[in-house]
Amino acid sequence: MEVLIVENAAAAAMVGAGRVAELLAIKPNAVLGLATGSTSIAVYQELVSRYRRNHISFANVVTFNLDEYVGLISGSPQSYRSFMDRELFDHVDICIENTHFPACHPGDNPRLVGSEYEAKIIDAGGIDLQILGIGRNGHIGFNEPGSSLSSRTRIKTLTESTVHDNSRLFSENDFQPHLAMTMGIATILEARRTVLFATGKHKAAAVRDAIEGPLSARCQASALQLHERATFVLDEAAASLLEYKDYYQWANAENEALMREFGHFYELQGF
Ligand code: GLP
């Protein structure tokens with residue numbers, strides 16, 4: 001695992017956008033796995049800014065979002081489709097037909113929606129880079145504590161704490177779903193590379209459990225310990241409970257020196 005600790009959320013966004021840009025430079029038709037949530041907004045803003053400066057293009061990019069609420073009316077501003085339109089897709093040259101969500105409309109069988117989503121990811125060649133956030137309870141996507149670590153895209157019931165955390169995005173009279181479709185942990189682990197962003201003190205315990213805790217269904221993000229190319233990008237506050245914080249910083253300085261000598265890790269490890 002690569003654990004990058006940066007000063008603040010803006011620096012984390014720069015690292016994140018940099019990773020996407022490096023990938024698109026060598027693979028303009030990359031398949032990106034995307035996340036929603038406040039933490040990812042700064043990364044998308046930085047990507048939009050690089051697009052406006054002609055540094056990157058999404059013209060041939062294909063995307064798969066991690067999750068989508070079940071039960072919202074189509075076009076609802078709280079849907080993750082609307083979130084992505086607002087934060088990224090409306091501002092770049094992406095073809096909207098290339099953007100995918102595990103959307104389960106009224107009358108759809110969630111099992112079929114899940115297996116079709118998995119098939120679409122495979123048809124696209126698999127996810128090259130999966131962006132992730134983390135919930136306070138350690139969830140990634142909407143894989144709540146206790147989810148199988150071998151799970152695939154399916155419908156999940158959200159925990160009370162997740163519903164509470166996300167209630168800030170709904171006004172009092174809005175219907176707030178407690179069901180969502182989400183990629184599973186096995187789906188996420190198949191991405192060729194994962195980058196998880198966490199900022200703020202409120203994420204510190206989940207980050208500690210994910211990186212240094214036991215591999216456990218209690219903290220779903222701990223499954224990333226099994227991934228060969230998982231990166232965590234943390235600000236100081238989110239990294240504050242890590243026992244090996246100093247070691248990660250030292251190891252990263254060593255890695256940078258190695259990359260200067262032997263080339264960048266994308267060149268070394270390929271896609
Ligand atoms: C939601 C999403 C997750 C995201 C989490 C954290 O629950 N389903 O994918 O990681 O929110 O969001 P935030 O960045 O707003 O803390």
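Counting starts at 1 for both ligands and their atoms, in listed order. Along the sequence shown, residues are numbered consecutively beginning with 1.
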For ligand 1, list all ligand N or O to protein N or O distances below 3.5 Å, rounded to 0.1 Å.
residue	atom	partner	partner atom	Å
ligand 1	7 (O)	His139	NE2	3.0
ligand 1	7 (O)	Asn166	ND2	3.4
ligand 1	8 (N)	Asp67	OD2	2.8
ligand 1	8 (N)	Gly141	O	3.2
ligand 1	10 (O)	Ile134	N	3.2
ligand 1	14 (O)	Ser38	N	3.3
ligand 1	14 (O)	Thr39	N	2.9
ligand 1	14 (O)	Thr39	OG1	2.4
ligand 1	15 (O)	Ser38	N	2.7
ligand 1	15 (O)	Ser38	OG	3.2
ligand 1	15 (O)	Arg168	NH2	2.9
ligand 1	16 (O)	Lys203	NZ	2.6

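A salt bridge links Glu46 to Arg50: one of the charged nitrogens lies within less than 4.0 Å of a carboxylate oxygen. Between Glu2 and Arg19 there is a salt bridge, with a side-chain nitrogen of the basic residue lying less than 4.0 Å from a carboxylate oxygen of the acidic one.
The side chain to side chain donor-acceptor pair (under 3.5 Å) contacts involving residues 234-246 comprise Lys201-Ser240, Glu236-Lys245, where partners must be two or more places apart or lie in separate chains. Sorted by first and then second residue, the ring-ring contact (aromatic ring centres under 6.0 Å, His included) pairs with a member in residues 103-140 read Phe64-Tyr117, His139-Phe142; sequence neighbours excluded.
Using a 4.5 Å heavy-atom threshold, the side chains of Phe101 and Leu34 count as separate.
Legend: residues meeting ring pair (Phe, Tyr, Trp, His ring centres under 6.0 Å) with Phe197, ordered by chain and number and at least two apart, are absent.
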